[in-house]
Asker: 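If you scroll down you'll find the structure; I have some questions about it.
Keep in mind the model is a prediction, meaning the values are calculated, not measured.
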Amino acid sequence: MSTGRTSRVLLSATAAALLGAAAIAVWLHGGSNATRMAAAEPSRCLAGDGDRRELWVPAGTFAMGDTLYPEEGPPRTVSVEGFWMDSTEVTNRDFSAFVAATGYVTVAERPVDAMLHPHLPPEMRKPGAVVFVMPNDVDGMGDISQWWQYVPGANWRHPGGPKTSIEGREDFPVTAVALEDARAYAQWKGRALPTEAEWEWAARAADPDAPPARERPQEANTWQGLFPVVNTAEDGFVGVAPVGCFEGNALGLHDMLGNLWEWTADAYDGRRDANVIKGGSYLCAPNYCMRYRPAARQPQEVDLATSHLGFRTVRAAPVSGRGEP
C-alpha cells in the first residue's frame, strides 16, 4: 500500500541490499524455524493478575533524546514528576472488560471519515486496520506495501483480519487501537496516557546516568534475522508476545522496548494529525529499524490502527497524601 496516509506513519525503511541466493537459503531455514516457534509459543507468561500492577516511577531530571536518528535530537534536559505506570501493556482481557462495560466501538470498527481522507480508495474507507504480512521476498526496501496491508475487517477483536481472533490470546497486548481508543480506555480507568518524557524516563528505569542505548536489548521481543523476510525467532516469538514474557527493567516495567510500539499523549512535533509513539516493536531489526531504545520515537497518525501498536496508562501522584511507596 503506497498511499500517503500509510507511508507517513509507518516505520521508514533504511537502506538494505537486495536479497541474493544466500539470503534466500537463510530465509528457507528461518521460515521453517519461525513456523516451529510459532506453534510452541506460550499464550500467557505472567502467573496471574497480581504480577500485573501499577509501579512507581520516581521523579527525576535527565537528558532526553538521542542522535541516532534525526528526529530524536537534539538531547535536552527534561524534568519529570513521579507517577504510577502500568507494569505491562494493556491486554485484550483489559480492553474486553472496557468494551463490555461501556459498549465502546473502536476507530478501526467504524468507516473511515472521508472528509478527513478524501483521496483514499473505496477499499481503504472500509472499517479496518493496517496489518503486517511477512513476505516471501522483497524487491528492495522502498515500498512498504510489500509487508504492510490495509485489511478491511481487522480490528482489536480480529487483529490480523476477519478470519483471526483473540480467543485464547487474552493475555496478549491489545492492538489495532487508535489514539482515541487508548484515551477512552485510560479515561474509563481514571488514568491517562504517558507523556513522551514520562515514557522515556520510565523506559530508562528512572536512571539519569544510563548511557544512550545502541545495542538490541536481550530482554525484549524484537526481530532476529533479515527484516522482513527472515525471522529466526531466537527470542522465542515470531510475532507479538503475551505481556510480561521478558524480564522487566530495574523498575519492574515489562516490554518497554520491543513487542509493540506504544501511544503517548504528545502530538508529534506540533502536528495535529499525529502523536508520538515509543519503544519499537517485534518488527524492529538492525537492518531496518533500530528503534528498540528509550529515546526512539516515531509519528503515528492518530486515527490509524495497526497491528504493531498498543499502549499502557499512567496515574499522577496525588498532590497530598500517599505518593512514592
Asker: Pro159 versus Ile166: any side-chain heavy-atom pair under 4.5 Å?
Answerer: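 Yes, their side chains come closer than 4.5 Å.
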Asker: Any link between Val314 and Leu251 through a network of hydrophobic side chains (Ile, Leu, Val, Met, Phe, Trp, Tyr) touching at under 4.5 Å?
Answerer: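 Yes; Leu251 is reachable from Val314 via cluster members.
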Asker: Within this structure, what is the CZ-CD distance for the pair Phe246 and Gln218, rounded to the nearest 0.5 Å?
Answerer: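 Here the rounded value is 10.0 Å.
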Asker: So do the side chains of Val90 and Phe98 get within less than 4.5 Å of each other, counting heavy atoms only?
Answerer: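 Heavy-atom side-chain distance check fails, nothing below 4.5 Å.
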Asker: Going hydrophobic residue to hydrophobic residue with side-chain gaps under 4.5 angstrom, can you get from Val177 over to Val99?
Answerer: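 Looking at the clustering, Val99 is in the same group as Val177.
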Asker: List the atom of Asp209, the atom of Arg204, and the distance in Å for their closest heavy-atom pair.
Answerer: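 Looking at all heavy atoms of both residues, the shortest contact is N-NH2, 4.4 Å.
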Asker: Nearest 0.5 angstrom please: Tyr288 OH to Leu226 CG, how far?
Answerer: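 Between Tyr288 OH and Leu226 CG, I get 12.5 Å after rounding to 0.5 Å.
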Asker: Name the residue from Val276, Asp181, Asn275 that meets the side chain to side chain contact (heavy atoms under 4.5 Å, CB included) definition with Trp263.
Answerer: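 The residue from Val276, Asp181, Asn275 that satisfies side chain to side chain contact (heavy atoms under 4.5 Å, CB included) with Trp263 turns out to be Asn275.
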Asker: Does Trp223 reach the main-chain N or O of Val230 with its side chain, forming a donor-acceptor pair under 3.5 Å?
Answerer: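 Answer holds: yes.
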Asker: So, does Asn92 use its side chain to make a donor-acceptor pair with the main chain of Arg157 at under 3.5 Å?
Answerer: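 No, Asn92 side chain to Arg157 backbone: no donor-acceptor pair under 3.5 Å.
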Asker: Provide the closest heavy-atom pair for Phe172 versus Pro42 in the form atom of the first, atom of the second, distance.
Answerer: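 Here Phe172 and Pro42 meet closest at CZ-O, 3.9 Å.
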Asker: If we ignore hydrogens and angles and just use 3.5 Å, is the side chain of Asp66 paired with the main-chain N or O of Ala295 as donor and acceptor?
Answerer: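 No, Asp66 side chain to Ala295 backbone: no donor-acceptor pair under 3.5 Å.
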Asker: Minimum heavy-atom separation for Leu304 and Val130, please, with both atom names.
Answerer: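 That closest heavy-atom pairing would be CD1-CG2, 3.7 Å.
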Asker: Considering only heavy atoms from C-beta outward, does the side chain of Phe62 approach that of Pro75 to under 4.5 Å?
Answerer: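 Side chain of Phe62 against side chain of Pro75, heavy atoms only: no contact under 4.5 Å found.
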Asker: Please determine whether side-chain contact (heavy atoms from CB on, under 4.5 Å) holds for the pair Met85 and Leu55, giving the CA-CA distance in whole Å, both sets of side-chain angles, and the decisive distance to 0.1 Å.
Answerer: CA-CA 5 Å; Met85 187 177 222; Leu55 297 174; 5.8 Å; no
Asker: Give, for atom CG of Asp137 and atom CD of Gln146, the distance between the pair rounded to the nearest 0.5 Å.
Answerer: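 Result: 8.0 Å between the selected atoms.
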Asker: Would Val112 and Leu120 count as a side-chain contact (heavy atoms from CB on, under 4.5 Å) here? Give the steps.
Answerer: CA-CA 9 Å; Val112 175; Leu120 287 179; 3.8 Å; yes
Asker: For residues Gln224 and Thr222, is any side-chain donor paired with an opposing acceptor at under 3.5 Å?
Answerer: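 Checked: Gln224/Thr222 side chains pair up, N/O donor to acceptor below 3.5 Å.
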Asker: Between Glu170 (side chain only) and Gly168 (backbone N and O only), is there a donor and an acceptor less than 3.5 Å apart?
Answerer: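 Checked: pair present.
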Asker: Nearest 0.5 angstrom please: Thr313 OG1 to Leu193 CG, how far?
Answerer: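 The distance works out to 8.0 Å.
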Asker: May I ask you to test the Val240-Asn259 pair for a side-chain heavy-atom distance under 4.5 Å?
Answerer: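 In short, these two side chains touch, coming nearer than 4.5 Å.
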Asker: Indicate, with yes or no, if Met64 and Val57 share a hydrophobic cluster defined by side-chain heavy-atom contacts under 4.5 Å among Ile, Leu, Val, Met, Phe, Trp and Tyr.
Answerer: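 Shared cluster, yes.
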Asker: Less than 4.0 Å between a side-chain N and a carboxylate O, is that true for Arg271 and Asp269?
Answerer: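 No.
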Asker: For Thr175 and Ser307, which heavy atoms make the closest approach, and how far apart are they?
Answerer: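 In terms of heavy atoms, the two residues are closest at CG2-O, 3.9 Å.
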Asker: Trp188 vs Tyr185 aromatic rings, parallel, tilted or perpendicular, using cut-offs 30° and 60°?
Answerer: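 Taking Tyr185 first and then Trp188, their aromatic rings sit tilted (interplane angle of 30° to 60°).
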Asker: Which atom pair, heavy atoms only, marks the closest approach of Trp199 to Met256?
Answerer: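 Looking at all heavy atoms of both residues, the closest pair is CH2-O, 2.7 Å.
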Asker: To the nearest 0.5 angstrom, please state how far the CG atom of Leu179 sits from the CD atom of Glu301.
Answerer: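 One gets 11.5 Å once the value is rounded to the nearest 0.5 Å.
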Asker: Which residue, Gln298, Arg297, Arg293, forms the side chain to side chain donor-acceptor pair (under 3.5 Å) with Glu72?
Answerer: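 Only one of Gln298, Arg297, Arg293 forms a side chain to side chain donor-acceptor pair (under 3.5 Å) with Glu72, namely Arg293.
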Asker: Using modelled atom types and a 3.5 Å cut-off, is there a donor and acceptor pairing between side-chain atoms of Tyr150 and backbone atoms of Arg125?
Answerer: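 A pair under 3.5 Å: no.
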Asker: Only one of Glu89, Glu200, Glu198, Glu262 clears salt bridge (Lys or Arg N to Asp or Glu O under 4.0 Å) with Lys278; which?
Answerer: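 Result: among Glu89, Glu200, Glu198, Glu262, Glu200 is the only option passing the salt bridge (Lys or Arg N to Asp or Glu O under 4.0 Å) with Lys278.
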Asker: Would a 4.5 Å heavy-atom cut-off, applied to side chains only, mark Pro294 and Leu257 as touching?
Answerer: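 Side-chain contact under 4.5 Å: yes.
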Asker: Keeping Glu247 on the side-chain end and Glu219 on the backbone end, is there a donor-acceptor pair under 3.5 Å?
Answerer: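 A pair under 3.5 Å: no.
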Asker: Quick one: does His158's side chain get under 4.5 Å of Thr164's, heavy atoms only?
Answerer: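 Counting from C-beta outward, His158 and Thr164 do come under 4.5 Å.
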Asker: Look at atom CZ of Arg272 and say whether more than 12 heavy atoms of other residues, nucleotides or ligands are closer to it than 6.0 Å.
Answerer: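 12 or below, so no.
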Asker: Output the distance between atom OG1 (Thr264) and atom CZ (Arg312), rounded to the nearest 0.5 Å.
Answerer: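 With rounding to 0.5 Å, OG1 (Thr264) is 13.0 Å from CZ (Arg312).
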Asker: Do Leu309 and Ile277 come close enough that some side-chain heavy atom pair is under 4.5 Å?
Answerer: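 Leu309 reaches Ile277 side chain to side chain.
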Asker: May I ask you to check if Arg110 and Tyr104 form a cation-pi contact, with NZ or CZ under 6.0 angstrom from the six-membered ring centre and within 45° of the axis?
Answerer: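 Output yes; distance and angle both within limits.
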Asker: Are side-chain heavy atoms of Cys289 and Phe227 found at a separation under 4.5 Å?
Answerer: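 They are not in side-chain contact.
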Asker: Do you know which of His254, Arg191, Lys189, Arg53 makes side chain to side chain donor-acceptor pair (under 3.5 Å) with Asp86?
Answerer: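 The residue from His254, Arg191, Lys189, Arg53 that satisfies side chain to side chain donor-acceptor pair (under 3.5 Å) with Asp86 turns out to be Arg191.
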Asker: The test is side-chain contact (heavy atoms from CB on, under 4.5 Å); show your working for Leu46 and Asp171 and say whether it passes.
Answerer: CA-CA 9 Å; Leu46 296 179; Asp171 295 294; over 6 Å; no
Asker: Please walk me through it: do Tyr69 and Met290 pass side-chain contact (heavy atoms from CB on, under 4.5 Å)?
Answerer: CA-CA 9 Å; Tyr69 291 109; Met290 294 177 60; 3.7 Å; yes
Asker: Measure across Pro299 and Ala274 and return the closest heavy-atom pair with its distance rounded to 0.1 Å.
Answerer: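 Closest approach of Pro299 to Ala274, heavy atoms only: CB-CB, 4.2 Å.
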Asker: Would you mind telling me which of Tyr282, Phe132, Trp148, Trp147 makes a ring-ring contact (aromatic ring centres under 6.0 Å, His included) with His308?
Answerer: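 Exactly one option meets the ring-ring contact (aromatic ring centres under 6.0 Å, His included) with His308, and it is Trp148.
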